[in-house]
Amino acid sequence: MAKTFYISTSIPYVNAAPHIGHALEFVQADSLARFARQYGKDVFFLSGTDDNALKNSQAAEVAGVPVKKWVDNHSAIFQKLLAELNISNDDFIRTSSEKRHILGAQKLWSSCRQEDIYKKKYSGLYCLGCEEFKQEKDLTDNECPEHPGKKLELVEEENYFFKLSNYQKQLEEIISTDKLKIIPESRKNEMLSFIKSGLDDFSISRSRERAKDWGVFVPGDDDQIMYVWFDALANYITALDYADDGEKFNKYWVRGDEIIHIIGKGINRFHSIYWPAMLLSAGVTLPKTIFIHGYLTIGGQKISKTLGNVIDPFEVIKKYGSDATRYFLLRETPSDGDGDFSYAKFEERYNADLANGLGNFASRVLTLGEKLGKLAAVEIDQKTADAIESARKLVTDRITDFKIHDALAAIWELISYGDKYVNDHKPWSADLAEVEKQKIIFNAAIILDNISALLQSFLPVAADKITSSICWASDDILELRKLEILFPRLDSQNMHGLH
RNA sequence: CGCGGGGUAGAGCAACGGUAGCUCGUCUGGCUCAUAACCAGGAGGCAGUGGGUUCAACUCCCACCCCCGCAACCA
């Protein structure tokens with residue numbers, strides 16, 4: 001039986017439209033999922049939206065739109081982005097309005113050990129304007145900076161708490177022994193030192209009033225709504241029909257061979273500490289791997305609505321295409337670190353790697369091939385065979401290590417080898433016999449075919465086009481067909497202008 | 001205060017106790033099949049600063065300086 005491979009993106013909250021940073025995570029997860037499929041694994045790839053976050057209701061209110069309508073609209077935009085980026089997710093879960101999720105989240109809650117969930121009175125200064133509790137340090141002159149003049153109220157509320165402290169030792173053991181792999185290492189160390197500094201219990205509910213009736217009810221207590229993280233994290237199993245102990249849940253999670261969450265660095269703590277603790281308490285299998293990617297800056301600056309430097313991924317896709325967008329995000333950003341987006345860098349990469357590199361190589365090989373007509377299969381040069389083999393191995397190794405950017409670099413080395421091969425052998429030369437030319441082009445075609453196969457997980461559209469223009473007319477006759485320009489070179493006319 | 005990351009050719013990055021490499025850009029030559037693409041070669045770095053250890057440091061140690069995160073919008 002094929003090994004199972006479960007991978008999830010985080011579920012973003014939908015208080016606003018997605019920006020380019022969301023696209024990064026989707027594309028990374030997608031290439032890992034596609035790669036696993038290509039290697040015959042039984043893949044389940046999940047994405048979704050966190051509809052229940054308080055920020056959603058706040059945003060809806062500011063816009064004067066009912067929450068449900070707001071989250072419906074915005075969740076749809078995220079789904080549209082997935083489609084435009086060619087993300088191959090098998091399912092998409094929404095934490096509101098989906099029975100499987102609501103029942104599942106409640107089941108998870110109820111399954112937690114009784115002694116891990118307790119009620120505690122909490123009192124704090126509540127800002128009616130922000131509708132949230134404020135810490136002393138957040139205040140200026142005892143007033144909320146956002147709502148000066150509005151009096152803060154001392155609110156006392158009873159909430160449920162999760163006894164995280166019960167799991168301190170266990171979590172430390174699981175993480176330090178890599179039973180739960182946290183990648184990269186620096187993120188693992190971060191979590192270990194966080195654990196060592198002592199784990200505080202955390203609130204897992206809020207009053208219905210404060211949550212404005214939006215969210216998942218705490219089972220058996222209609223006055224309380226689950227803290228959004230309890231609810232949101234549960235999506236990873238509720239989507240698999242955890243509520244019904246469904247087949248998918250058993251196959252991909254309980255008996256799953258690989259279970260990966262891919263997330264941004266800002267939510268590592270929730271995934272590496274809270275989530276495993278909740279699962280331990282509920283007696284549910286843990287995920288195996290948490291992969292943490294970095295953040296994107298825009299021209300060296302943090303993404304910020306205030307600065308107005310948010311990049312709309314739809315615009316990028318529209319201008320350069322989905323493959324180019326995927327390529328830039330995957331190649332320019334070290335997959336386990338931060339990256340930077342700018343149109344200047346984007347276009348530089350585009351021209352150098354996609355137009356001049358991949359596109360041009362495909363074009364020259366296919367054009368030469370079409371002119372020659374049928375190509376008889378011949379033995380591949382040893383050097384060429386080695387180059388292909390080495391590229392394959394490098395790509396596999398690097399993907400296994402979550403080094404997506406390095407995997408792509410290995411593919412481009414093969415492209416470069418191909419260019420050199422063609423240059424060195426000069427298949428256009430008049431001195432060469434037809435048979436010789438055919439041999440050379442056949443070798444080049446095999447290189448191209450392998451490049452295309454390796455690109456499948458990363459640039460699916462281009463890879464399909466290349467593959468479909470390399471055809472076996474019979475077992476030992478290859479025919480190449482010229483291809484439209486894959487990535488038109490950008491010149492000053494159609495460059496982005498302002499860099 | 002503190003914590004974490006970082007300061008290496010024009011830009012982005014890498015490696016290593018003992019000739020400092022890669023990609024992009026740039027210059028020159030070659031080629032002309034290909035998207036003015038491709039191939040080859042060159043120029044370009046006193047390695048943030050100051051000390052120390054060592055036969056030898058960019059690489060180890062110490063001090064200092066600077067940048068970026070760790071408060072908000074924000075993955």
Side-chain angles (χ1 to χ4, degrees), chain A residues 9-13 15-16 18-26 28 50 55 58-59 78 130 135 137-140 144-146 186-187 189-190 193-194 197 262-268 270 292-298 300-310 313 331-334 337-340 342 344-345 347-372 405-406 408-409 412-413 415-430 432 437 440-441 444 482-491 499:
Chain A
T9 67
S10 59
I11 52 171
Y13 49 80
N15 65 331
H19 56 61
I20 195 79
H22 293 101
L24 171 69
E25 178 170 312
F26 295 152
Q28 287 184 337
D50 172 9
K55 305 214 179 197
Q58 285 169 344
F78 277 84
C130 303
Q135 307 275 339
K137 63 176 167 114
D138 298 330
L139 306 177
T140 45
C144 167
E146 306 265 336
S186 56
R187 300 284 167 212
N189 294 337
E190 228 170 64
S193 65
F194 177 68
S197 75
I262 173 158
I263 61 168
K265 62 182 180 182
I267 53 179
N268 188 9
F270 296 102
I292 298 110
H293 65 254
Y295 283 167
L296 237 37
T297 51
I298 308 295
Q301 285 182 308
K302 241 175 116 163
I303 292 182
S304 147
K305 286 184 179 168
T306 319
L307 286 173
N309 66 354
V310 177
R331 178 68 184 91
E332 182 73 20
T333 307
D338 293 337
D340 185 56
S342 76
K345 278 185 189 164
E347 296 185 331
E348 211 173 276
R349 277 263 174 225
Y350 178 100
N351 271 345
D353 296 355
L354 296 177
N356 299 350
L358 173 62
N360 180 61
F361 180 66
S363 178
R364 67 195 301 210
V365 173
L366 294 174
T367 306
L368 283 163
E370 191 178 78
K371 281 183 196 155
L372 284 176
H405 55 299
D406 287 334
L408 283 171
W412 259 259
E413 274 171 42
I415 293 175
S416 175
Y417 173 87
D419 267 325
K420 189 168 158 51
Y421 179 89
V422 174
N423 270 49
D424 289 350
H425 291 79
K426 298 184 177 45
W428 52 83
S429 159
L432 284 174
K437 289 183 186 174
I440 296 162
I441 297 301
K482 224 176 135 166
L483 195 59
E484 67 192 273
I485 301 258
L486 283 173
F487 299 99
R489 202 182 143 80
L490 301 166
D491 53 39
H499 288 329

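Numbered from 1 within each chain, the chains take letters A, B, ... in sequence-line order.
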In whole angstrom, what separates [X]'s [atom1] from [N]'s [atom2]?
X       : N      : atom1 : atom2 : answer
D353(A) : C22(B) : CG    : P     : 17 Å
K345(A) : C13(B) : NZ    : P     : 7 Å
D50(A)  : C74(B) : CG    : P     : 13 Å
E332(A) : A11(B) : CD    : C1'   : 10 Å
D424(A) : C38(B) : CG    : P     : 15 Å
D338(A) : C68(B) : CG    : C1'   : 9 Å
K371(A) : U32(B) : NZ    : C1'   : 10 Å

Euclidean distance for [atom1], [N] against [M] (whole angstrom):
N      : M      : atom1 : answer
U32(B) : C39(B) : C1'   : 12 Å
A14(B) : A9(B)  : P     : 13 Å
C74(B) : A15(B) : P     : 35 Å
A43(B) : G69(B) : C1'   : 37 Å
G5(B)  : C62(B) : P     : 14 Å
C3(B)  : A71(B) : C1'   : 15 Å
C27(B) : A63(B) : C1'   : 43 Å
A75(B) : C70(B) : P     : 14 Å

From [options], pick the nucleotide closest to the side chain of [X]?
X       : options                : answer
D419(A) : U35(B), C73(B), C39(B) : C39(B)
N356(A) : A37(B), C24(B), C73(B) : A37(B)
K420(A) : A75(B), A40(B), C33(B) : A40(B)
N423(A) : U35(B), C39(B), C73(B) : C39(B)
H19(A)  : C74(B), C24(B), C33(B) : C74(B)
I485(A) : C74(B), U35(B), C38(B) : U35(B)
V422(A) : C73(B), U35(B), C33(B) : C33(B)
N360(A) : A75(B), A34(B), C33(B) : A34(B)
E348(A) : C24(B), A75(B), G12(B) : C24(B)
S416(A) : A75(B), U35(B), C39(B) : C39(B)

If you look at every strand shown and take non-hydrogen atoms under 4.0 Å, does [X] touch a base, only sugar-phosphate, or nothing?
X       : answer
L296(A) : base
G337(A) : nothing
T367(A) : sugar-phosphate
L486(A) : base
G359(A) : base

Locate the shortest heavy-atom distance separating I11(A) from D50(A); write the atom from each residue and the value.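 Scanning both residues completely, I find the closest heavy atoms to be O-CB, 3.4 Å.
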Under 4.0 Å between a side-chain N/O of [X] and OP1 or OP2 of [N], yes or no?
X       : N      : value
K55(A)  : C73(B) : yes
R489(A) : A37(B) : yes
K305(A) : C74(B) : yes
Y13(A)  : A75(B) : yes

Ion pair check, E190(A) and R187(A), cut-off under 4.0 Å: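 Yes, this pair counts.
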Does a salt bridge link K482(A) with E370(A), judged by any charged N lying under 4.0 Å from a carboxylate O?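 Result for this pair is no, no salt bridge flagged.
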Got [X] and [Y] here, is their nearest side-chain heavy-atom distance under 4.5 Å?
X       : Y       : result
V422(A) : F361(A) : yes
E332(A) : K345(A) : yes
I303(A) : T297(A) : no

Between R489(A) and N360(A), is the side chain to side chain contact (heavy atoms under 4.5 Å, CB included) condition met? List the steps. CA-CA 10 Å; R489(A) 202 182 143 80; N360(A) 180 61; over 6 Å; no
Nucleotide forming a Watson-Crick or wobble pair with [N], both distances under 3.5 Å:
N      : value
U32(B) : none
G41(B) : C27(B)
G2(B)  : C70(B)

Euclidean distance, L24(A) CG relative to H293(A) NE2, rounded to 0.5 Å: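 It is 5.0 Å, given to the nearest 0.5 Å.
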